[in-house]
Engineer: 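Input: one structure, supplied below.
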There are 2 protein chains.
Amino acid sequence: MELRHLLYFKAVAELLHFSKAAVQLHISQPPLTRQIKELEKELGVLLFRRNNKRVELTEAGTYFLKECDTLIRQLERSKQLVKQIHESTSGEFKIGYISSTPKTALANVLKALRQRYPLLKTRLYEASTSKQIKALEEGKLDVGIIRAPIHSVQLHIESLDLDKFALVCPVNMPYELNAAWLKEQTFISYNSNYAPDYHNKLLDCCNRLGFYPEIMHECNNMHSILCMVENELGIALVPVSVKDQYPYLKLVFTEFSNIHVSTEIVLAHHQHTIHPALNYFKQMYNSFYNKNIDRLV
Amino acid sequence: MELRHLLYFKAVAELLHFSKAAVQLHISQPPLTRQIKELEKELGVLLFRRNNKRVELTEAGTYFLKECDTLIRQLERSKQLVKQIHESTSGEFKIGYISSTPKTALANVLKALRQRYPLLKTRLYEASTSKQIKALEEGKLDVGIIRAPIHSVQLHIESLDLDKFALVCPVNMPYELNAAWLKEQTFISYNSNYAPDYHNKLLDCCNRLGFYPEIMHECNNMHSILCMVENELGIALVPVSVKDQYPYLKLVFTEFSNIHVSTEIVLAHHQHTIHPALNYFKQMYNSFYNKNIDRLV
DNA sequence: ATTCCATAATACCTTAAAGGTATCAATAAT
DNA sequence: ATTATTGATACCTTTAAGGTATTATGGAAT
């Protein structure tokens, strides 16, 4: 038996007419008759009750049609699945990340990914949380490393880390951790439109410290913020995890151990996608990220 | 794509060796290589990573193997199912029934069955409930019309009728419905080993009438019992439903309307069998049986 | 490093079977 | 009774599956 037999049978069973079915199948009628007979012979079952004028399904034929339908549908599904898997192991893998992401962890993950999926090309996009959410929803990104909260039913997220805030000052700058002193300082931060949730978290943190920050300079990435601080344009409140990423910058980080405001870093991707590279990415990312965390502690 | 491709792929995927797979498939290696290439081309997916020394599944191949397995298994299941349906519409349909079954209903059902399934041969077996249960369990009967109770987890049963008992006497024989008179009579009945549950019901009935029957003659079918009664060898207690089956016998039936002991007639067959003829039989039997009942009422 | 073996790929031929054409036979409608 | 329709049959053509011989290449042994 071959798939052909099933497809031919399906056509005849649905049209109940050999000649019409033959037309639909783009073959002539005699071969079709023969194929059906072959099928019946192999099954040892009469599928059609037919004389030269009327064709009808036998009871067995009726059941077989149902089975054929599911089989053919299943096969199509399988083809699609395999194509999808193929795409996700040999096409492009688009990764989004916020600028505060540790680049060494990311680099290690990419190395592992390259070894496991040699055909897979990776594409990196540093972008804001909001932009990434949109891109993930539209399928323009496969995975994103972003800050919670994420309000999207389409995306699946898992937590990577909780990040408290720290004060960053240039070295040799005297500082005090009290509202009076902080109130007088010039602050550098993200643009509030660019990362509104992050911005609110930051304001919440300041509020608990008892002041409202005067933000004089805004940047759209972490590295720039820290460079501005280093060059004494002001000070900043940033997530503590960035501390280890820029050891060459002449900065002093001071954590607020008593203020429990933190931003959550999550890994997000579309729901219900079977994507081996993505799975592997998640696995690797977690292991490398945790290694980093361990080193910090 | 043809089924061949799937079977060939499965062989190579399981052995991870083209030459060995070719031997297993009873073909030579080059055509196998070609078929696999065709499959890969049609899917647009590389299924094996192979050099001249090593063959291994790609990620996509691994998934496709799973899909192939289910598809092939599913196909086998479908073939079996269709054969089973074919058997049950063109083979033999073996019907068991107890001797008190109305034959006209049965005849009408067989007529309907013949019209619907012209290829189906029916085989009738008049047998005791206990013999039928054994035969049904062993697959030697497709359906049985028997008396409850049935203690078998393998069988599915559904109720057809509740049958009360009636006294049968020859015409012109004076009779009284009291214990004193009944106690003095000679009774004819089934062999107690032959239909023990029926026998117990009958004793229960007599007990409520206040006597214990002296059974002088035993038969193994209803018709014989009634003939014996007609020929004045004794009287009998029988289910009322037999009354209409032998109008030509010179008998008087008297129902005990106040004694609520009845035997249940059920239709029994093996559980979980997909059997169109059986389904139709049940449907028809119910309709004809109920028609009979209606006529009685 | 060289040789040898194992094994998949390639080229080309053979054969089986799928598909086509012409025709027949049977049935239902007129 | 006649005709049109339609599945079956017979026979031919073409496609593609399968086979044989050979090559190329990667890994193992020397």
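Computed from a predicted structure; not experimentally measured. The sequence lines fix the lettering, A, B, ..., with proteins before strands; numbering per chain opens at 1.
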Engineer: CD1 of B:Ile36 versus P of C:dT7: gap in Å, rounded?
Structural biologist: 17 Å
Engineer: Check whether any side-chain nitrogen or oxygen of B:His17 sits under 4.0 Å from OP1 or OP2 of C:dA8, and answer yes or no.
Structural biologist: yes
Engineer: Angle, rounded to 10°, between the helical axes spanning five pairs at each terminus of the helix from C:dA1-D:dT30 to C:dT30-D:dA1?
Structural biologist: 30°
Engineer: Tell me whether A:Lys121 is salt-bridged to A:Glu92, with the criterion being a basic N under 4.0 Å from an acidic carboxylate O.
Structural biologist: no
Engineer: Starting from the 5' end of DNA chain C, give me the residue, A:Arg4 or B:Val55, whose nearest nucleotide shows up first.
Structural biologist: B:Val55
Engineer: Salt-bridge test for B:Glu87 and B:Lys83: reply yes if a basic N is under 4.0 Å from a carboxylate O, no otherwise.
Structural biologist: no
Engineer: Using a 4.5 Å cut-off on heavy atoms from C-beta on, say whether the side chain of B:Leu39 contacts that of B:Met1.
Structural biologist: yes
Engineer: Can you list every pair that meets side-chain hydrogen bond (donor to acceptor under 3.5 Å, both in side chains) and has a residue in residues 30-40 of chain B, with sequence neighbours left out?
Structural biologist: B:Arg4-B:Gln35, B:His5-B:Gln35, B:His5-B:Glu38, B:Gln29-B:Thr33, B:Glu40-B:Arg50
Engineer: Polar atom pairs between nucleotides 23-26 of chain C and protein, under 3.5 Å, N or O only, would you list them?
Structural biologist:
residue	atom	partner	partner atom	Å
C:dA26	O4'	A:Asn52	ND2	2.8

Engineer: Which heavy atom in A:Pro276 sits nearest to a heavy atom in A:Ile85, and how many Å separate them?
Structural biologist: CG-CG2, 3.8 Å
Engineer: Select one nucleotide: of C:dA18, C:dA9, C:dA22, the one nearest the side-chain heavy atoms of A:Pro30.
Structural biologist: C:dA22
Engineer: Can you confirm whether or not the ring centre of A:Tyr125 sits under 6.0 Å from the ring centre of A:Tyr97?
Structural biologist: no
Engineer: Does B:Lys66 make a cation-pi contact with B:Tyr63 (under 6.0 Å, within 45 degrees of the axis)?
Structural biologist: yes
Engineer: When we call it a touch if two heavy atoms are under 4.0 Å apart, what does A:Glu38 touch: a base, just sugar-phosphate, or nothing?
Structural biologist: sugar-phosphate
Engineer: Nearest-Å distance, CD (B:Glu56) to P (C:dA8)?
Structural biologist: 13 Å
Engineer: Take atom CD1 of B:Ile27 and atom P of C:dA8, then tell me their distance rounded to the nearest Å.
Structural biologist: 13 Å
Engineer: List in chain and number order the residues that pass ring pair (Phe, Tyr, Trp, His ring centres under 6.0 Å) with A:His223, two or more places apart in sequence or in another chain; answer none if no residue qualifies.
Structural biologist: A:Tyr246
Engineer: Distance check needed: C:dT7 P versus B:Leu32 CG, whole Å only.
Structural biologist: 14 Å
Engineer: What I want to find out is whether B:Lys79 reaches A:Glu42 closely enough, with some N-O distance under 4.0 Å, to be called a salt bridge.
Structural biologist: yes
Engineer: Look at B:Thr33 and C:dA8 and indicate whether a side-chain polar atom (N or O) is within less than 4.0 Å of OP1 or OP2.
Structural biologist: no
Engineer: Mind checking whether A:Phe93 and A:His275 have ring centres under 6.0 Å apart?
Structural biologist: yes
Engineer: On DNA chain C, nearest-nucleotide positions of A:Arg54 versus A:Pro31: which is more 5'?
Structural biologist: A:Pro31
Engineer: Of all nucleotides in DNA chain D with an atom under 4.0 Å from a non-hydrogen atom of chain B, which is the first and which the last going 5' to 3'?
Structural biologist: D:dA17 to D:dG27
Engineer: Output all residues satisfying ring pair (Phe, Tyr, Trp, His ring centres under 6.0 Å) with B:His270, sequence neighbours left out; order by chain, then residue number.
Structural biologist: none
Engineer: Reckon B:Ser28 touches a base, only the sugar-phosphate, or nothing at all at heavy-atom distances under 4.0 Å?
Structural biologist: base
Engineer: Please give, in whole Å, the distance from C:dA17 P to A:Met1 CE?
Structural biologist: 16 Å
Engineer: Tell me the interatomic distance from A:Leu7, atom CG, to C:dA18, atom P, rounded to whole angstroms.
Structural biologist: 14 Å
Engineer: So with a 6.0 Å cut-off around CZ of A:Arg123, is the heavy-atom count from everything else above 12?
Structural biologist: yes
Engineer: Over how many whole Å does the gap from B:Arg34 atom CZ to C:dC13 atom P extend?
Structural biologist: 14 Å
Engineer: Mind calculating the distance between CZ (B:Phe48) and P (C:dT7) to the nearest angstrom?
Structural biologist: 16 Å
